[in-house]
2 protein chains.
Amino acid sequence: MPDGDQKKPSRIQTRNRLVILDAALNVFSQHGYRGATLDQIASEAGLSKPNILYYFQGKEDIHLTLLSQLMETWLDPLVELDPEGDPQTEILDYVQRKLDMALDLPRESRLFAGEILQGAPRMGPHLESDLKPLFDQKCEVIAGWSAAGKIAPINPQHLIFSIWATTQHYADFAAQVTVLLGADTDPYQTASEHLRLMFSAVLRIKN
Amino acid sequence: MPDGDQKKPSRIQTRNRLVILDAALNVFSQHGYRGATLDQIASEAGLSKPNILYYFQGKEDIHLTLLSQLMETWLDPLVELDPEGDPQTEILDYVQRKLDMALDLPRESRLFAGEILQGAPRMGPHLESDLKPLFDQKCEVIAGWSAAGKIAPINPQHLIFSIWATTQHYADFAAQVTVLLGADTDPYQTASEHLRLMFSAVLRIKN
DNA sequence: GTAAAATTTTACCATTTGGTAAATACACGA
DNA sequence: TCGTGTATTTACCAAATGGTAAAATTTTAC
């Protein structure tokens, strides 16, 4: 009997929890927390509403589960930024990884964006405990590179904000990007080139 | 008798419509379209729910009114980008105007972001009819500058996306920015300097 | 001041919402 | 194949939702 189960889950349990979370990701990322309904999630998952509440304690539980799982994936590209590597390469590769992620996992990007947009009411603590320490640490790495003259002088915090903003834009504002570029245009190639060019220019040391 | 009124509005009408739209902007920008409730808007406006429906045809009418009014304001900084001006100055000033707007009108930025995030279900037509023509026109201006060697070679479409993304980030992701910079830090000064530096570097012609 | 028009309130209503209880169907190891 | 725990369905519920009808109040024009 699942819900707050401690024992090892059955095959059915594993499968259905995945199905529900996938359906919930669709609905939450499209309508936000309050705009999403359990009926819609149930319908999309092909299960009945009470059946969904057999696997999760409630709406908030599903949302929180999604956000927690997402946080790890989301932070991963930044974790991989290597203080020992070549600064230019490290940062440009980070941009690339973030862009890849935005284009591979647009629903996750939108779920995250929606939560932050609404003031991070259910994720504030996670930001403080998971994101902030990593952010501070990597900012110091970049600041070090900057101070050592390996990249141009730059504000590390705002640099990271700019990387997040420009890459996630292609997922979060896809509806707008599609209208403006034309529905048939695939933005990936051109976006990748543009971002590489832009952040190269930012990091390049002036002579 | 308002609602779909044609005659010139009374003082009370003018005032109450403004009060309602302001309250609705709070609620819609925080919870998205589906997450917002008329009761909440009414409560925030200090009016009763039926009284609100005396001034607007319904929830969607309020939302649509907000979005229509916003579109003009939102496009204005781009309209002002002058094809006859100095390219560097024009683009950097545009960045500054967008940043100012994000920080002055964060609710409007979030309302817009929320609508796009959800696939622009109520604004798709406006994007096609209002935004796209302006976007295309200004892209050609920038492409012209680029081709004439007045700024570095760059993809105008993605350059504009990057400007939008980086500036609006400070409004749309304010909850995250606040956590990461510390609640006491005002990002305006540093953000402004960073963006100026970054887009300067991007536009500068390599020797 | 008074009548007509504009505004606001009161009292509703049908539907949708998140969630529950209990009965039923199913899986699976003995 | 049988019994036991697992999974699912059926039938609900109270609260919240968007919206309406009509009465009551206030404003405005004369």
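Below, chain A is the first sequence line, B the second, and so on; all start at residue 1.
Regarding B:Ile41, its CD1 atom lies at a distance of 17 Å from the P atom of D:dA16, rounded to whole Å. What separates CD1 of A:Ile20 from C1' of D:dT8 is a distance of 12 Å, to the nearest Å. Atoms CZ (A:Arg17) and C1' (D:dA7) sit 15 Å apart, rounded to a whole Å. Taking atom CG on A:Asn51 and atom P on D:dT6, their separation rounds to 15 Å, with Å as the unit. Following rounding to the nearest Å, B:Leu47 (CG) and C:dT10 (C1') show an atom-to-atom distance of 16 Å.
Partners of A:Arg122 under the salt bridge (charged side-chain N to carboxylate O under 4.0 Å, His left out) rule, at least two apart in sequence or in another chain, are A:Glu115. In terms of the side chain to side chain donor-acceptor pair (under 3.5 Å) criterion, residue partners of B:Thr89 (sequence neighbours excluded) are, by chain and number, B:Asp86.
For A:Asn16 and D:dT6, the shortest distance from a side-chain N or O to OP1 or OP2 is not below 4.0 Å. Side-chain N/O atoms of A:Ser48 include none lying less than 4.0 angstrom from OP1 or OP2 on D:dT8. Residue A:Tyr54 places at least one side-chain N or O under 4.0 Å from the OP1 or OP2 atom of D:dA7.
Using cut-offs of 30° and 60° on the angle between ring planes, the pair A:Trp164 and A:Phe161 is tilted.
With A:Ser146 contributing its side chain and A:Ile154 its backbone, the two residues share a donor-acceptor pair below 3.5 Å. Remark: the backbone N or O of A:Leu181 is not paired with any side-chain donor or acceptor of B:Lys132 at under 3.5 angstrom.
The aromatic ring centres of A:Tyr170 and B:His158 sit less than 6.0 Å apart.
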Distances under 3.5 Å only, N/O to N/O: pair up the protein atoms with those of nucleotides 17-27 of chain D.
{"from": "D:dG18", "atom 1": "OP1", "to": "B:Ala36", "atom 2": "O", "distance (Å)": "3.2"}
{"from": "D:dG18", "atom 1": "OP1", "to": "B:Lys59", "atom 2": "NZ", "distance (Å)": "3.1"}
{"from": "D:dG18", "atom 1": "OP2", "to": "B:Leu38", "atom 2": "N", "distance (Å)": "2.8"}
{"from": "D:dG18", "atom 1": "N7", "to": "B:Lys49", "atom 2": "NZ", "distance (Å)": "2.8"}
{"from": "D:dG19", "atom 1": "OP2", "to": "B:Lys59", "atom 2": "N", "distance (Å)": "3.0"}

